Amino acid sequence: MAAPVGVHLEFGGGAELLFNGVKEHQVTLPSQSDPWDMKQLLVWIRRNLLKERPELFVQGDTVRPGILVLINDADWELMGELEYQLEDQDNIVFISTLHGG
Amino acid sequence: MCICCFSKVKMPVLCSSCAKKRAVLKRPKTGHSLCKDCFFWAFEEEVHRTIMAAKLFKPGETVGIAASGGKDSTVLAHVMKLLNERYSYGLELMLISVDEGITGYRDDSLETVKRNQEQYELPLKIVSYEELYGWTMDAIVKQVGLKNNCTFCGVFRRQALDRGAIILKVDKICTGHNADDVAETVLMNVLRGDIARLRRCTAISTASEGEGVVPRCKPLKYAYEKEIVLYAYFKKLDYFSTECIYSPNAYRGYARTFLKDLESIRPSSIMDVIHSGENLSVREGVKMPVQGTCSRCGYISSQALCKSCVLLEGLNRGLPKLGIGKHHRLHDKILSQQPLTEKEERKLKAVDF
Ligand SMILES: [Zn+2]
Ligand SMILES: [Zn+2]
Ligand SMILES: [Zn+2]
């Protein structure tokens, strides 16, 4: 069993509007047999945090195109995207690029 | 997972440019992985090259930066200020903001622009719909209802910058349109079959088209939205994001989503669509609308009166439907201040839309 993981989530660029306008969330992911990865985190966010219009945040099993993801301040495209395995104290940022410029 | 020790070792990707620091992003345009500093430099230099290649500015010019408080214009203001100093462009820069007069919507974004003014030490001028047209958007919504207000909002906004720029005597306006915006506009014009706009929309700058219009340019034309957002994020620039509370344009929204979907499969799609737009040529003999000017305000218009003058006339006369739909044959009557017939009045008054 993997221990619970505490991660810091941040939503910005307008994505916070889907989370009651709350930008920062400190969450604890419960312990489970396999390590947590980004794919599971997105499912967890959808079930536990998303307040409205989930289709504006997730599409299929990934984020909606146009939402940027940073893992510990680096583009998730450099970190394995959905396969990235979360570690305790990771900082994950979601920024929407879809809102007015 | 490291294959030799089977432990969870995550190798940081190194910057492909300096090979020293940890890469923080993968550039959509080139696929390069860059560290923060190399990314800042690459981004700024590309904008500089765009400006130089298209000869966007001349020394001594006063340039108004259209500032909404959003990500694009905030990055534009930051980069313009920086390049103007780094390369001695010799430009007089100022921020121009439009206040539509929507309670609660602009308050926060105008606050952002005011902070930008201090952060970048650039003069700021806010022009309001109220001072330009005599009507705030809130007042317009009261009269026309919520269904057609975006017609007003869009038409008035297009001219507001020009009218503001003329009052402020700027030589040029630059806007924060990025590569994604330009690609989206190409797509929209293809979908609408608007050949005239399709030909113009990829141009990086427009010359003055009549006395009511100030030349415009788009220094971020080749900058991807992803990079603009990450530039703002890593530089910790102060920007504001929101949706226009008065109904977003659903059709444009679909075009945007479609492009983002394409981009997620192949990042070059954005640039490919722009290149397609740039390289389209129109067969000889295709009729183009004749560009005239509005006989009331001098703005470019294919009709005797431009769209915003017609909308204004409608508002001021209590006939809000005047500018919605086609009422071209009434332009002469309006211009010569002839009264409308009872039947015409009735048709234009109904607020059942
Ligand atoms: Zn580097
Ligand atoms: Zn609007
Ligand atoms: Zn006019």
Side-chain angles (χ1 to χ4, degrees), chain A residues 2-3 5 10-19 21 23-24 34-38 52-53 55-101, chain B residues 1 8 10-15 22-28 31 33-36 39 66 68-76 105 109 175-178 180-181 220 224-230 232-234 239-244 248 253 256-265 267 269:
Chain A
V5 229
E10 212 180 307
F11 302 93
E16 70 276 13
L17 299 173
L18 304 172
F19 298 86
K23 287 194 168 171
E24 302 197 28
D34 298 319
W36 281 87
D37 60 19
M38 284 298 288
E52 52 174 307
R53 296 175 289 171
E55 70 280 4
L56 295 187
F57 188 72
V58 280
Q59 189 170 309
D61 57 7
T62 187
V63 290
R64 181 183 179 207
I67 293 182
L68 305 179
V69 186
L70 297 165
I71 300 173
N72 299 327
D73 252 4
D75 191 353
W76 79 331
E77 291 183 41
L78 299 170
M79 312 282 282
E81 301 187 31
L82 290 170
E83 266 104 72
Y84 173 83
Q85 292 190 354
L86 290 162
E87 282 176 35
D88 202 40
Q89 303 309 315
D90 271 350
N91 188 47
I92 317 287
V93 180
F94 299 90
I95 314 174
S96 172
T97 64
L98 303 162
H99 291 79
Chain B
M1 192 91 80
K8 245 177 63 177
K10 286 164 196 163
M11 287 295 291
V13 179
L14 278 185
C15 173
R22 182 175 88 121
V24 294
L25 91 157
K26 193 164 171 204
R27 301 196 71 193
S33 307
L34 295 183
C35 72
K36 248 182 230 182
F39 165 58
S68 66
K71 56 181 162 47
D72 300 308
S73 61
T74 301
V75 169
L76 178 67
Y105 169 63
S109 55
T175 60
H177 291 100
N178 60 43
D180 297 55
D181 296 329
L220 301 181
Y224 271 60
E225 196 148 61
K226 172 180 174 180
E227 298 202 354
I228 290 174
V229 171
L230 288 181
Y233 178 80
F234 289 130
Y239 74 88
F240 180 76
S241 42
T242 188
E243 289 162 297
C244 174
R256 164 141 293 216
T257 307
F258 172 63
L259 265 176
K260 288 285 171 197
D261 285 345
L262 285 180
E263 190 193 8
S264 70
I265 301 165
S269 307

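Chain identifiers are assigned alphabetically (A, B, ...) following the order of the sequence lines, protein sequences preceding nucleic acid strands; residue numbering begins at 1 within each chain. Please read all numbers here as calculations on a predicted model, not as lab measurements.
- Within the model, atoms CZ of F234(B) and CG of D73(A) stand 5.5 Å from one another, a figure rounded to the nearest 0.5 Å.
- At most 12 heavy atoms of other shown residues, nucleotides or ligands fall within 6.0 angstrom of atom CD in E83(A).
- With sequence neighbours excluded, the residues that form a side-chain contact (heavy atoms from CB on, under 4.5 Å) with E16(A) are F11(A), K23(A), S241(B).
- Top candidate by heavy-atom pairs under 4.5 Å with chain A, chosen from L76(B), V229(B), D180(B), is V229(B).
- A distance of 10.0 Å separates CD1 in I228(B) from OG1 in T97(A), rounded to the nearest 0.5 Å.
- Heavy-atom contacts from other residues, nucleotides or ligands closer than 6.0 Å to NZ of K260(B) number more than 12.
- Across all non-hydrogen atoms, the minimal contact from L230(B) to L70(A) is CD2-CD2, 3.9 Å.
- Contact record, A23(B) with A74(A): O-CB, 4.1 Å, taken as the closest heavy-atom pair.
- Residues N72(A) and R22(B) share a closest heavy-atom pair of O-NH2, 2.7 Å.
- Remark: E24(A) pairs with H8(A) by the side-chain hydrogen bond (donor to acceptor under 3.5 Å, both in side chains) rule, at least two apart or across chains.
- Side-chain contact check for K226(B) versus E77(A): some heavy-atom pair is nearer than 4.5 Å.
- Taking NZ from K71(B) and CD1 from I95(A), the interatomic distance works out to 11.0 Å, rounded to the nearest 0.5 Å.
- For the atom pair L68(A) CG and E225(B) CD, the distance stands at 8.5 Å (nearest 0.5 Å).
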